[in-house]
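Since the structure is predicted, the reported quantities are computational estimates derived from the model, not experimental observations.
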Amino acid sequence: MGRVSGKAGVVALVLGALALSACAPTQTHSIELDAAHVTSIDMYFYEVSGADEPVVTRTTIDDAGLIEELVDAFTDMPGSEAPDPAAEIDGARATGLEYMLDDGSTVALTQYFLDFHAVVIAFPDGEAWHTTWGVPLKDYYTEDREVTSAEASERPGSPFEGLEG
C-alpha cells in the first residue's frame, strides 16, 4: 500500500483524530437535586477579585419553572475536572446559587463565567468543573425581579475563593 502525503495525509490525520475523539465518552457532573424539593433559589451576583471585597447583589427565584431550569442547568453537565480553579477565577463574573429545600436544608454551588464557552462550576461535593455550558446568570435571571444589595459574607462559600461552604 502506498504512503499518503501532502494534503491527503493531513486530511486523513484530521479525520482520524475526529473519529477517535467522537468515540471518547463524555464526562458529566450533576448537582444531584430534585427540583420538586426546591422551594426557592437565592442567587448572589458578584465579580471575583482577590484584592477587594466584592460588591454583591441578590435576587430570589421562587417560580417552579425557573427552579426546574436552574436544577436542570447543573444536571448532567458535560465537561471535565478543573485542576486549579482558584488560579482561573480572578476577574470572573460569579453567581452563587443557594437552593432552599423543603426540609429546611440548603445546597449551594457557584458558577464562574470566565468567557463564552469557558465556565468553571464549584459543585456542592467540592468538585470543580470546566464546561462550555453557561452564560452570565445575572443577565438572564434578574429581569422583572427585585435585586437587592447583600453583604459579601451572605453569598454561598466556595473553597476556590478561600470561603467556607
Single-linkage hydrophobic cluster, 4.5 Å side-chain cutoff, Val48 and Leu114 together: yes

Pair His29-Asp125, side-chain donor/acceptor within less than 3.5 Å: yes

Distance-minimising heavy-atom pair for Gly134 and Phe113: O-CE1, 3.8 Å

Closest non-hydrogen atom pair, Pro54 against Ala152: O-CB, 4.0 Å

Spatial distance of atom CZ (Phe160) from atom CD1 (Ile121) [nearest 0.5 Å]: 10.5 Å

Cluster check Leu97, Met100: I/L/V/M/F/W/Y, side chain < 4.5 angstrom: no

Main-chain N/O of Met77 paired with Trp129 side-chain donor or acceptor, under 3.5 Å: yes

Donor-acceptor pair between Thr110 and Tyr44 side chains, under 3.5 angstrom: no

For the student: nearest non-hydrogen atoms of Thr59 and Phe45, plus distance: CG2-CE1, 3.7 Å

Validation row: Leu109, Phe74 side chains within 4.5 angstrom (heavy atoms): yes

Residues Asp102 and Thr39: side-chain donor-acceptor under 3.5 angstrom: no

Heavy-atom donor-acceptor pair, Thr75 side chain to Val71 backbone, under 3.5 Å: yes

Residues Arg93 and Asp139 bridged, charged N to O under 4.0 Å: yes

Backbone N/O of Glu32 and side chain of Ser30: donor-acceptor pair under 3.5 Å: no

Within one Ile-Leu-Val-Met-Phe-Trp-Tyr cluster: Ile31 and Leu101, side-chain cutoff 4.5 Å: yes

Worked verdict on Val119 versus Gln111 for side chain to side chain contact (heavy atoms under 4.5 Å, CB included): CA-CA 7 Å; Val119 177; Gln111 179 215 48; 3.7 Å; yes

Nearest heavy atoms of Val120 and Pro85, plus distance in Å: CG1-CB, 4.0 Å

4.5 Å side-chain heavy-atom contact, Thr57 and Lys138: yes

Arg58 side chain reached by Asp42 side chain, heavy atoms, under 4.5 Å: yes

Under 3.5 Å: donor-acceptor pair, side chain of Asp63, backbone of Leu66: yes

Leu33 side chain near Tyr99 side chain, heavy-atom distance below 4.5 Å: yes

Same apolar cluster (I L V M F W Y, side chains within < 4.5 Å links), Val135/Ile41: yes

Contact check, side chains of Gln27 and Ser80, non-hydrogen atoms, under 4.5 Å: yes

Donor + acceptor pair across side chains of Tyr46, Glu53 (<3.5 Å): no

More than 12 heavy atoms of other groups within 6.0 Å of Glu68 CD: no

Heavy-atom side-chain proximity of His117 to Thr131 below 4.5 angstrom: no

Joint cluster assignment, Val38 & Met43, ILVMFWY side-chain distance < 4.5 Å: yes

Separation between OG1 of Thr142 and CD1 of Ile61, rounded to the nearest 0.5 Å: 8.5 Å

Exercise: do His130 and Glu88 side chains pair donor with acceptor under 3.5 Å: yes

Distance-minimising heavy-atom pair for Ser40 and Thr60: CB-CG2, 4.1 Å

Arg155 with Glu161: basic N within carboxylate O range, under 4.0 Å: yes

Side-chain H-bond candidate by donor/acceptor type, Tyr141 with Glu69, under 3.5 Å: yes

